[in-house]
Engineer: 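Submitted below is the structure of interest, expressed as C-alpha cells.
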Protein chains: 2
Amino acid sequence: MTKGTYHHGDLRRALLQAAADAIAEHGVAAISMRDLARRAGVSHAAPTHHFGDKAGLLTAFAAQGYDELAKALSTSRLASNSFLELGVTYVRFAMTRRAHFEVMFRPDLYHADDPELLRAKARSADALYAGVADLPDGLRHRGETAERARGGTPDSAPSDIRQAGQAAWSLAHGFATLWLSGAFPDRDRDPEALARMIFGQLKVIQ
Amino acid sequence: MTKGTYHHGDLRRALLQAAADAIAEHGVAAISMRDLARRAGVSHAAPTHHFGDKAGLLTAFAAQGYDELAKALSTSRLASNSFLELGVTYVRFAMTRRAHFEVMFRPDLYHADDPELLRAKARSADALYAGVADLPDGLRHRGETAERARGGTPDSAPSDIRQAGQAAWSLAHGFATLWLSGAFPDRDRDPEALARMIFGQLKVIQ
DNA sequence: ATTCTAACTTGCCATTGACAAGATGCCGTG
DNA sequence: CACGGCATCTTGTCAATGGCAAGTTAGAAT
C-alpha cells in the first residue's frame with residue numbers, strides 16, 4: 001500500500017476502497033473528498049489528480065460497481081442456470097456491495113455520460129437481458145426465440161423481451177432498494193431467502 | 001406570501017416549496033439551506049428556527065411526501081377499485097412528486113425516528129397493504145380473508161399478505177426508481193402506460 | 001547524468017451548516 | 001391603551017468542504 005513517502009503508488013485504488021468503506025458506514029451524503037484523502041494518508045488535494053473532482057471519483061466508483069454487477073450476473077447465469085437465482089444474485093450484490101449499489105443509481109452524483117461508465121453499465125444490462133432470453137424459467141415471451149435476443153443490448157432487444165426484462169429488473173431492484181432503505185418490517189430475516197420466496201410467487205401471464 | 005418585511009408569515013411552507021423546486025431541478029445532493037433561504041427571501045439562518053437543521057427540513061419534507069402518497073393511494077383505491085391501478089398511482093406519484101420521492105427513501109438524509117414522519121410513513125404503508133387485501137384483482141392469497149388483514153399495519157399483517165404486498169411494492173417501486181434514474185432505454189414513452197403494460201403481465205401463482 | 005513529467009504538497013478562496021447573540025414585531029395581559 | 005413576553009427573523013462568526021493555483025518530489029525516459 002504505502003510505498004514511499006511522497007508517491008503513494010496505488011492511490012487510485014486506495015481512494016476507491018476508502019470510498020466504499022466511508023459510504024457503507026455513513027452513506028453517500030456524508031462522504032467528503034478530504035476524509036477519503038485522510039483515510040488514504042495523503043493530502044487533501046491528492047484525489048483531484050486522479051479523479052478531477054468529487055463527481056469524477058463517484059463516476060469511477062459507479063463504473064466499478066456496474067462492472068462487478070455484470071461479473072456477478074454472468075457468473076450466476078452460468079452457475080445456476082435459473083432466472084430466479086439471477087434475481088437473487090442481484091439482491092445479493094446490493095447487500096454485499098451496498099456502497100456501490102447506492103451510488104450506481106444516483107446519476108446526479110456522477111458524470112453519467114462518461115464513456116468508461118457507460119461501457120460498464122451496458123455490460124450489466126447485457127448480462128441481465130441475456131438472462132431473460134436464455135434461461136429456462138426466464139420471462140421469455142411466446143414467439144420470440146432466445147436466439148434472436150441473445151447478446152442484444154437493451155436498446156436493440158425486441159420490445160417483448162425488453163418489457164419482461166424491465167419487469168424482472170424492477171422487481172429485484174425495488175426489493176433491494178426498499179430493503180436497504182429499511183422500508184420492510186422484517187429486517188431481521190435473511191434478505192436473500194425472503195427475495196427467493198417473493199420472486200417465486202410471481203409469473204408472467206401468457 | 002411575503003406579508004411584512006421582518007416576519008415572513010408562512011416561511012415553513014415557503015421553504016418546503018423551495019425545497020421541492022430546488023430538488024426537482026438539481027437533485028437532493030445539490031441543495032443547500034442557504035439557497036432555500038435565498039429562494040424564500042429570508043436570511044440564511046431563518047430556516048434553522050423552523051427545522052433545527054438540514055436533516056430536520058428533509059424530515060418534514062419526507063413526511064409531507066409520505067402524507068401525500070397515502071392520500072393518493074387511498075383515493076386511487078376508492079376510485080378505480082383496481083390493484084393494478086394502485087401500482088400505477090404509485091408510479092404517477094413518483095413522477096409528479098419526484099423531489100419528495102427522491103428524499104423519502106433516503107433515510108440517511110433525515111431523522112428517520114421522527115414521530116411525525118413515522119406516522120405519515122405508517123399511513124402510506126397502511127394504504128398500500130390495504131389494497132393487497134381488499135381489491136378484487138389484488139395479490140390475495142388463498143386461505144386469507146380480506147377481513148382479517150384489512151386495516152392491519154404492515155408489521156401486524158399476516159405474512160402471506162405481507163409478502164404479496166412486498167412483491168407488489170417492490171415491483172412498483174423498482175420501476176419508478178429505475179425510470180427516474182434513467183436506467184430504462186425508452187425514456188420518451190409515457191411511464192404510466194409502460195407501467196400498466198408491465199404490471200399487467202405479472203400475476204401471483206396459484 | 002540530465003531532463004521530463006506524473007504524482008503529490010501547501011496555500012488559498014468562496015460556499016456551506018451550525019451556532020450565538022441581537023433586533024423586530026405580534027399577541028396577550030393588565 | 002400600555003407593556004412585557006416571546007416567537008420570528010437578522011447579523012456575525014467559525015470550522016469544514018470542494019476546487020483551484022503554484023510549488024515540490026521522485027520515478028522514468030533518453
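All values below come from the heavy atoms of this structure, side chains included, with hydrogens, waters and symmetry mates left out.
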Engineer: Any side-chain to backbone donor/acceptor pair from B:Tyr90 onto B:Leu69? Under 3.5 Å, distance only.
Structural biologist: no
Engineer: Expressed as a whole number of angstroms, how long is the span from B:Met33:CE to C:dT15:C1'?
Structural biologist: 15 Å
Engineer: For A:Arg34 and A:Gly41, take the nucleotide of DNA chain C holding the closest heavy atom to each; which residue's nucleotide lies nearer the 5' end?
Structural biologist: A:Gly41
Engineer: Would you indicate what B:His44 reaches in the nucleic acid, counting non-hydrogen atoms under 4.0 angstrom: base, sugar-phosphate, or nothing?
Structural biologist: base
Engineer: Can you tell me how far apart CG (B:Leu118) and OH (B:Tyr66) are? Round to the nearest 0.5 Å.
Structural biologist: 9.5 Å
Engineer: Using a cut-off of 4.0 Å on non-hydrogen atoms, how would the nucleic acid contact of A:Ser43 be classed: base, sugar-phosphate, or nothing?
Structural biologist: base
Engineer: Do the side chain of A:Lys54 and the main chain of A:Ile31 share a donor and acceptor less than 3.5 angstrom apart?
Structural biologist: yes
Engineer: Between the side chains of A:Arg106 and B:Glu102, is the shortest nitrogen-to-carboxylate-oxygen separation below 4.0 Å, so that they form an ion pair?
Structural biologist: yes
Engineer: Rounded to the nearest angstrom, tell me the gap between atom CG in A:Leu109 and atom P in D:dG18.
Structural biologist: 13 Å
Engineer: Rounded to the nearest Å, what distance is computed from the NE2 atom of residue B:His49 to the P atom of nucleotide C:dC26?
Structural biologist: 16 Å
Engineer: Using a heavy-atom cut-off of 4.0 Å across all strands, would you classify A:Arg12 as base, sugar-phosphate, or nothing?
Structural biologist: nothing
Engineer: Measure the distance from CG on B:Leu58 to C1' on C:dT16 and round it to the nearest whole Å.
Structural biologist: 15 Å
Engineer: I need the CG-P distance between A:Asp53 and D:dG18, as an integer number of Å.
Structural biologist: 11 Å
Engineer: Rounded to the nearest Å, what distance is computed from the CZ atom of residue A:Arg38 to the C1' atom of nucleotide D:dA15?
Structural biologist: 12 Å
